[in-house]
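Data first, discussion second: the structure below is written as structure tokens.
FYI, the numbering just counts along the sequence from 1. Remember, it's 1-based here, ligands and their atoms both numbered in the order they're listed.
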Amino acid sequence: MIQADKFMEEKGVRPTAMRLLVFRFLAESKAAKTLSDIENTFAKADRTTLYRTLKTFEDKAIVHQIDDGTGMTKYALCEEGCNCELEQDLHLHFHCNNCKETVCLTEHKIPYINLPDGYVAEDANLVLKGICDKCSGQ
Ligand SMILES: [Zn+2]
Ligand SMILES: [Zn+2]
Ligand SMILES: [Zn+2]
């Protein structure tokens with residue numbers, strides 16, 4: 001289990017109570033979470049604060065966004081040492097068609113693509129779809 005306060009301090013983010021709660025919530029879950037998952041979990045918290053917490057986490061490479069094609073942006077914790085940089089940190093994601101959960105495949109980085117002249121890649125989003133280990137029963 002990642003040490004939340006240490007992880008945040010390394011990224012230059014002050015570990016406030018709210019930040020620690022959101023961080024732990026994401027750390028405890030294998031699957032990526034939507035903003036509404038987070039809002040529902042912390043129903044008593046101010047929505048703006050929650051949104052800002054996620055925004056700060058994103059800016060500081062504590063979480064990354066995943067667009068898995070469901071129309072809902074999901075968030076997952078970054079690995080230690082992640083800078084969310086293309087060709088270094090960005091990895092594949094897996095979306096289960098059955099349980100609709102999306103997980104990070106951090107050991108599978110997005111491969112370098114040699115683009116035609118004049119093209120500059122700024123972001124990449126690669127999602128495999130299928131049946132996860134829980135749903136396939138293996
Ligand atoms: Zn990252
Ligand atoms: Zn599944
Ligand atoms: Zn991920």
SG (Cys104) to the Zn ion (ligand 3) to NE2 (His93): angle, nearest 10 degrees?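 For SG of Cys104 and NE2 of His93, the angle centred on the Zn ion (ligand 3) reads 110°.
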Which N, O or S atoms belonging to the protein are less than 2.8 Å from the Zn ion (ligand 2)?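 Atoms qualifying: Cys96 SG, Cys99 SG, Cys132 SG, Cys135 SG.
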Which heavy atom in Ile62 sits nearest to a heavy atom in Phe7, and how many Å separate them?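 Closest heavy-atom pair between Ile62 and Phe7: CG2-CE2, 4.0 Å.
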Minimum heavy-atom distance Met8-Arg19, with the two atoms named: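 That would be CE-O, 3.7 Å.
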Check for me: within less than 2.8 Å of the Zn ion (ligand 1), which protein N/O/S atoms show up?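 Near the Zn ion (ligand 1), below 2.8 Å, one finds Cys78 SG, Cys82 SG, Cys84 SG.
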Test your reading of the model: is there a side-chain donor-acceptor pair from [X] to the backbone of [Y], 3.5 Å cut-off?
{"X": "Lys129", "Y": "Asp68", "answer": "yes"}
{"X": "Thr34", "Y": "Asp37", "answer": "yes"}
{"X": "Lys11", "Y": "Ala61", "answer": "yes"}

Ring-ring centroid check Tyr75 Phe57, cutoff 6.0 Å: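 Ring-ring flag for Tyr75/Phe57: false, centres at least 6.0 Å apart.
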Between side-chain atoms of residues 81-89 and protein atoms elsewhere (two or more places apart, or another chain), which donor-acceptor pairs fall under 3.5 Å?
| unit_1 | atom_1 | unit_2 | atom_2 | d |
| --- | --- | --- | --- | --- |
| Glu85 | OE1 | Gln88 | NE2 | 3.2 |
| Asp89 | OD2 | Asn83 | N | 2.7 |
| Asp89 | OD2 | Cys84 | N | 3.1 |
| Asp89 | OD2 | Glu85 | N | 3.1 |

Can you confirm whether Asp123 sits close enough to Leu90 that some side-chain heavy atom of one is under 4.5 Å from a side-chain heavy atom of the other?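 The answer is yes; the side chains approach within 4.5 Å.
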Side-chain hydrophobic cluster, 4.5 Å single linkage: members besides Ile131: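 Members besides Ile131: none; it forms no cluster.
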Is Leu105 reachable from Val63 through a run of hydrophobic residues whose side-chain heavy atoms are each under 4.5 Å from the next?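 In one cluster: no.
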